[in-house]
There are 2 protein chains.
Amino acid sequence: MFDLHPAFPATSESVGDLALCHVRLHGDARWPWLVLVPRVAGATELEHLSGAERGRLVEEIVQAGAATRAVGDALGCPVDKLNVGQLGNMTPQLHVHVIGRWTGDPAWPGPVWGHGTAVAFDADSLERALAAARASLAL
Amino acid sequence: MFDLHPAFPATSESVGDLALCHVRLHGDARWPWLVLVPRVAGATELEHLSGAERGRLVEEIVQAGAATRAVGDALGCPVDKLNVGQLGNMTPQLHVHVIGRWTGDPAWPGPVWGHGTAVAFDADSLERALAAARASLAL
């Protein structure tokens, strides 16, 4: 039985569900940033997915990359590099970050994780970001 | 024609070649850390690989995870979490980091990228790390 770790609702908004992953918009207006959570109970590492699930995951990462670019366009910060990370040092449930980056963004060229403090979305930007992500992912 | 970006030989040691990826041991003795470089000319994002190449890549990431655990054991720092990252903000050629982490490691629980300064391997540790990686990957 898959249950979403409570850290995700506390820090992000639901975008919807792809075939394998639950998709969320990370609640940090500094970057267009999606999080994929494979709906596989107990998984904390890629090795806990089946080969078919891993193949599905990497395709959903590519879809999320396109959606991240769409979110960046909707927010007025066009993406010119994608960063993908599967860490889980603080939230153990397997999840993959897909983050849109550009030269001169607030953490460029370093990683975004642990960089400063998240900036909340205003209501209008959040709505535009979610709409762009859902349209790109056909959700 | 695939050519390895010169940043890799400057910062890492060759482990060998899997079906898709050239594998390197990152030259930082603080963590067991492998780097996979798909041998696909011009690729800088996952979307530049074919679906078959992406499927192969994710399987090689899992293999590299097991090898990273073996390197950690050989170096006396057993791994209890894997971190996987595809960033490329500084070195554009598509590559994937597979890093072994443990509670209390030098950057725990933050990301390793950009954390402090790399510590060079001594010759004996480098030899043990390379041998463990190659044995695990059957190279």
Side-chain angles (χ1 to χ4, degrees), chain A residues 7 20 31 36 38 43-69 79-116, chain B residues 7 20 31 36 38 43-69 79-116:
Chain A
L20 178 66
W31 293 283
L36 300 177
T44 62
E45 299 282 9
L46 293 173
E47 67 209 46
H48 300 151
L49 302 183
S50 69
E53 289 166 339
R54 284 195 289 268
R56 187 67 233 149
L57 175 61
V58 73
E59 294 311 306
E60 294 187 1
I61 290 170
V62 172
Q63 290 179 255
T68 298
R69 293 184 192 279
V79 167
D80 50 44
K81 184 73 196 78
L82 294 169
N83 283 183
V84 178
Q86 181 256 311
L87 291 87
N89 302 339
M90 293 191 269
T91 302
Q93 186 171 62
L94 182 63
H95 61 284
V96 177
H97 301 271
V98 181
I99 305 145
R101 307 296 307 273
W102 59 94
T103 306
D105 78 27
W108 187 264
V112 300
W113 303 284
H115 182 86
Chain B
L20 177 67
W31 294 284
L36 301 177
T44 62
E45 299 282 9
L46 293 173
E47 67 209 47
H48 300 151
L49 302 183
S50 69
E53 287 166 341
R54 284 195 290 268
R56 187 67 233 149
L57 175 61
V58 72
E59 294 312 305
E60 294 186 2
I61 290 170
V62 173
Q63 290 179 256
T68 298
R69 293 184 192 278
V79 167
D80 50 43
K81 184 73 195 79
L82 294 170
N83 284 183
V84 178
Q86 181 257 312
L87 292 88
N89 302 340
M90 292 191 269
T91 302
Q93 185 170 63
L94 181 64
H95 60 284
V96 177
H97 301 271
V98 181
I99 306 146
R101 307 298 305 271
W102 59 95
T103 306
D105 77 28
W108 186 265
V112 300
W113 303 284
H115 182 87

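Order of the sequence lines sets the chain letters (A, B, ...), proteins ahead of strands, with each chain counted from 1. These numbers come from the heavy atoms of this one structure, side chains and all, not from hydrogens, waters or symmetry mates.
For the options His97(A), Arg69(A), Arg101(A), heavy-atom pairs under 4.5 Å to chain B are most numerous at Arg69(A). Top candidate by heavy-atom pairs under 4.5 Å with chain B, chosen from Val62(A), Ile61(A), Thr44(A), is Val62(A). If you tally non-hydrogen atom pairs under 4.5 Å between each of Gly51(B), Gly114(B), Gly88(B) and chain A, the highest count goes to Gly88(B).
Summarising the geometry, atom NZ belonging to Lys81(B) is positioned 4.5 Å from atom CD belonging to Gln86(A); distances are rounded to the nearest 0.5 Å. One distance of note links CD of Glu59(B) with CG of Leu46(A); it measures 9.5 Å at 0.5 Å rounding.
Of the two parts of Ile99(A), neither the backbone nor the side chain holds a non-hydrogen atom closer than 4.5 Å to a non-hydrogen atom of chain B. With a 4.5 angstrom heavy-atom cutoff, Leu49(B) does not touch chain A via any of its atoms. Within the 4.5 angstrom heavy-atom criterion, no atom of Thr103(B) approaches chain A. If you measure heavy-atom distances from Arg54(B) to chain A, the contacts under 4.5 Å come from both the backbone and the side chain.
Residues Val58(A) and Leu57(B) fail the side-chain proximity criterion, which asks for heavy atoms closer than 4.5 Å.
In this structure, Leu82(B) and Glu45(A) approach most closely via the heavy-atom pair N-OE2, 2.9 Å. Scanning all heavy atoms of the two residues, the minimum distance from Leu87(B) to Pro111(A) falls at CD2-CB, 4.2 Å.
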